[in-house]
There are 2 protein chains.
Amino acid sequence: MATTTRRTQRGAPSLSRERIIDAAIALLDAGGEDGLTFRALAQALATGAGAIYWHVADKDDLLDAACDAIVAATTAAAVDGATARARIRAIGLGMFDAIDAHPWVGTELARSPAKMPMVRILESLGRQVQASGVPERALWTATSTLLNYILGLAGQNAANRRLARERGLDSRDGYLDSVATMWAQLDAEEYAFTRSMGARLRAHDDREDFVVGIDLILDGIGMACPADAGGMPAKRR
Amino acid sequence: MATTTRRTQRGAPSLSRERIIDAAIALLDAGGEDGLTFRALAQALATGAGAIYWHVADKDDLLDAACDAIVAATTAAAVDGATARARIRAIGLGMFDAIDAHPWVGTELARSPAKMPMVRILESLGRQVQASGVPERALWTATSTLLNYILGLAGQNAANRRLARERGLDSRDGYLDSVATMWAQLDAEEYAFTRSMGARLRAHDDREDFVVGIDLILDGIGMACPADAGGMPAKRR
DNA sequence: ACCTGAACACCGTTCAAGT
DNA sequence: ACCTGAACACCGTTCAAGT
């Protein structure tokens with residue numbers, strides 16, 4: 001930020017929790033989870049490593065705060081949609097895109113349940129599931145199934161991005177290709193199903209498949225599908 | 001193993017990939033992901049840290065192999081069930097119990113997609129989804145939705161166990177209690193849904209909820225429910 | 001109150017040297 | 001072929017000392 005220099009001139013504290021979190025996010029985006037180091041952070045902020053500990057408890061605290069900054073912005077933005085179903089899709093897609101832009105968020109979500117980021121997602125989803133008319137006793141199961149699905153996919157996406165980066169395969173296609181090739185070398189009998197999915201793996205669109213999965217769970221919950229006439233669950237897709 | 005001593009006496013190689021993996025699993029079970037260290041491993045095997053690198057590429061390789069040993073045993077054991085639906089439940093529960101016994105497996109699965117452990121689960125699930133009569137074009141989505149749900153829950157369970165351990169809360173109840181207490185302190189309006197789920201959180205049974213989630217997804221897939229007369233998807237639970 | 005930066009106790013990994 | 005263990009290049013975290 002250009003304002004930082006001026007602020008420092010005036011003698012106001014040069015460091016703040018917010019500046020530290022912003023710098024941490026920048027490092028994480030640039031270099032993945034390995035990119036965030038107290039030494040790198042200190043250098044980026046032109047300070048000593050120890051100074052950071054005045055504003056932040058430890059690395060876990062910093063990671064949580066960075067993750068929460070992304071998740072809070074995402075859940076706050078995902079409010080569009082005419083129906084509850086559409087709004088649930090929007091929340092899911094918001095998380096998908098956020099993790100696409102910041103893969104480390106997917107890893108961090110898997111590491112820190114029961115913290116604020118998770119509560120935000122739970123609250124957003126739960127409200128919409130409730131609004132859709134799911135009966136009281138099914139609310140918890142329905143919402144946590146959705147949440148676990150989203151988290152599972154988030155973790156996988158994050159890990160895939162990390163592996164692609166480590167192997168120097170920048171393009172998503174190159175990475176999927178290498179996985180499909182590995183699948184093709186599996187035993188033909190023992191891994192018949194996996195092998196048969198190779199073509200699908202190469203061709204598939206993560207984001208599209210993600211929404212189909214959400215819809216499938218919503219069907220299972222028994223939530224009315226807007227395309228349906230009578231509001232009964234869709235039978236097949 | 002008792003035979004190890006004898007083997008060493010005969011001058012056969014004292015170290016093997018298998019022995020290393022077994023020792024790694026023991027360390028991971030005893031001390032979580034932090035418990036596995038090349039130094040601790042070397043000490044447990046009464047050898048030098050460098051010797052391990054003759055049998056194992058690096059820590060990632062070791063972690064993958066340890067994870068795969070657990071997952072392979074789990075998928076191989078989960079073959080029971082009269083219907084495809086029952087067999088899918090068995091696979092899911094097998095993974096649930098394996099991660100309950102070895103929480104680090106949940107973390108590792110989130111870290112290494114497209115490796116053998118994941119392929120094993122994908123294959124087991126996919127075969128049963130296929131056997132249940134899900135149409136060809138829906139196979140990929142149905143299977144990967146199930147897989148992502150299982151992985152998401154696996155990761156959360158693993159993280160919860162790790163946090164409970166770190167905070168010294170051995171009992172599961174104590175940990176859930178601390179989370180529920182945190183939820184109760186949230187803003188009453190902004191987090192109305194989460195707060196309303198506090199009682200459910202304290203009372204719920206992870207394992208039972210897990211199966212309900214699987215059933216819910218299977219309903220969404222449109223898989224026949226054995227309890228149903230006509231084989232149509234259940235409408236409500 | 002806030003910052004500095006050297007120091008501590010660890011890591012994973014490598015590698016010359018041994019057998 | 002297999003093992004040893006010291007050494008290297010890192011970590012997160014602490015803490016006396018400064019302003």
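Just so you know, these numbers come straight off a predicted model, no measurement behind them. Here is how names work: the chains are called A, B, and so on, in the same order as the sequence lines, proteins then strands, and each is numbered from 1. Just so it is clear, the values below take in all heavy atoms, side chains as well, and ignore hydrogens, waters and symmetry mates.
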Asks: Can you pull out every side-chain hydrogen bond (donor to acceptor under 3.5 Å, both in side chains) where at least one residue sits in residues 91-114 of chain A? Sequence neighbours excluded, please.
Replies: D29(A)-H102(A), D29(A)-W104(A), E33(A)-T107(A), D60(A)-R111(A), D64(A)-S112(A), D97(A)-R207(A), D100(A)-R161(A), E108(A)-R111(A)

Asks: Return the polar atom pairs (N/O with N/O) between nucleotides 8-15 of chain D and the protein under 3.5 Å, or none.
Replies:
{"residue": "dC11(D)", "atom": "N4", "partner": "R39(A)", "partner atom": "NH2", "Å": "3.4"}
{"residue": "dG12(D)", "atom": "OP1", "partner": "K59(A)", "partner atom": "NZ", "Å": "2.6"}
{"residue": "dG12(D)", "atom": "OP2", "partner": "F38(A)", "partner atom": "N", "Å": "3.2"}
{"residue": "dG12(D)", "atom": "N7", "partner": "R39(A)", "partner atom": "NH2", "Å": "2.6"}
{"residue": "dG12(D)", "atom": "O6", "partner": "R39(A)", "partner atom": "NH2", "Å": "2.8"}
{"residue": "dT13(D)", "atom": "OP2", "partner": "Y53(A)", "partner atom": "OH", "Å": "2.8"}
{"residue": "dT13(D)", "atom": "OP2", "partner": "K59(A)", "partner atom": "N", "Å": "3.0"}
{"residue": "dT13(D)", "atom": "O5'", "partner": "Y53(A)", "partner atom": "OH", "Å": "3.1"}

Asks: Compare side-chain N and O positions of W54(A) against OP1 and OP2 of dC3(C) and report whether any pair is under 4.0 Å apart.
Replies: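 Result: no.
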
Asks: What side-chain hydrogen bond (donor to acceptor under 3.5 Å, both in side chains) pairs are there with at least one residue in residues 117-126 of chain B, not counting sequence neighbours?
Replies: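 Residue pairs passing side-chain hydrogen bond (donor to acceptor under 3.5 Å, both in side chains), neighbours aside: Y191(A)-R120(B), T194(A)-E123(B), D68(B)-R120(B), E123(B)-R127(B).
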
Asks: Using the test side chain to side chain contact (heavy atoms under 4.5 Å, CB included), find all partners of T143(A) that sit at least two apart in sequence or belong to another chain.
Replies: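 Listed in chain order: L122(A), L125(A), V129(A), F193(B).
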
Asks: Would you write out the dot-bracket form of DNA chain C, 5' to 3', with Watson-Crick and G-U pairs under 3.5 Å, [ ] for crossing pairs, | for pairs to other strands and . for unpaired bases?
Replies: ||.|||||...|||||.||

Asks: What residues, two or more places apart in sequence or in another chain, satisfy side chain to side chain contact (heavy atoms under 4.5 Å, CB included) together with L27(B)?
Replies: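 Partners of L27(B) by the side chain to side chain contact (heavy atoms under 4.5 Å, CB included) criterion, ordered by chain and then number, come out as L36(B), A40(B), L41(B).
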
Asks: Got a sec, which residues hit side chain to side chain contact (heavy atoms under 4.5 Å, CB included) with A65(A), two or more places apart in sequence or on another chain?
Replies: R17(A), I21(A)

Asks: Please enumerate all residues that pass side chain to side chain donor-acceptor pair (under 3.5 Å) together with S178(B), with sequence neighbours excluded.
Replies: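 So S178(B) forms a side chain to side chain donor-acceptor pair (under 3.5 Å) with R167(B).
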
Asks: Less than 4.0 angstrom between a side-chain N/O of H55(B) and OP1 or OP2 of dC3(D), yes or no?
Replies: yes

Asks: With a 4.0 Å cut-off on N to O distance, would you call R89(B) and D80(B) a salt bridge?
Replies: no

Asks: Enumerate the salt bridge (charged side-chain N to carboxylate O under 4.0 Å, His left out) contacts for residues 173-197 of chain B, please, sequence neighbours excluded, ordered by first and then second residue.
Replies: D177(B)-R202(B)

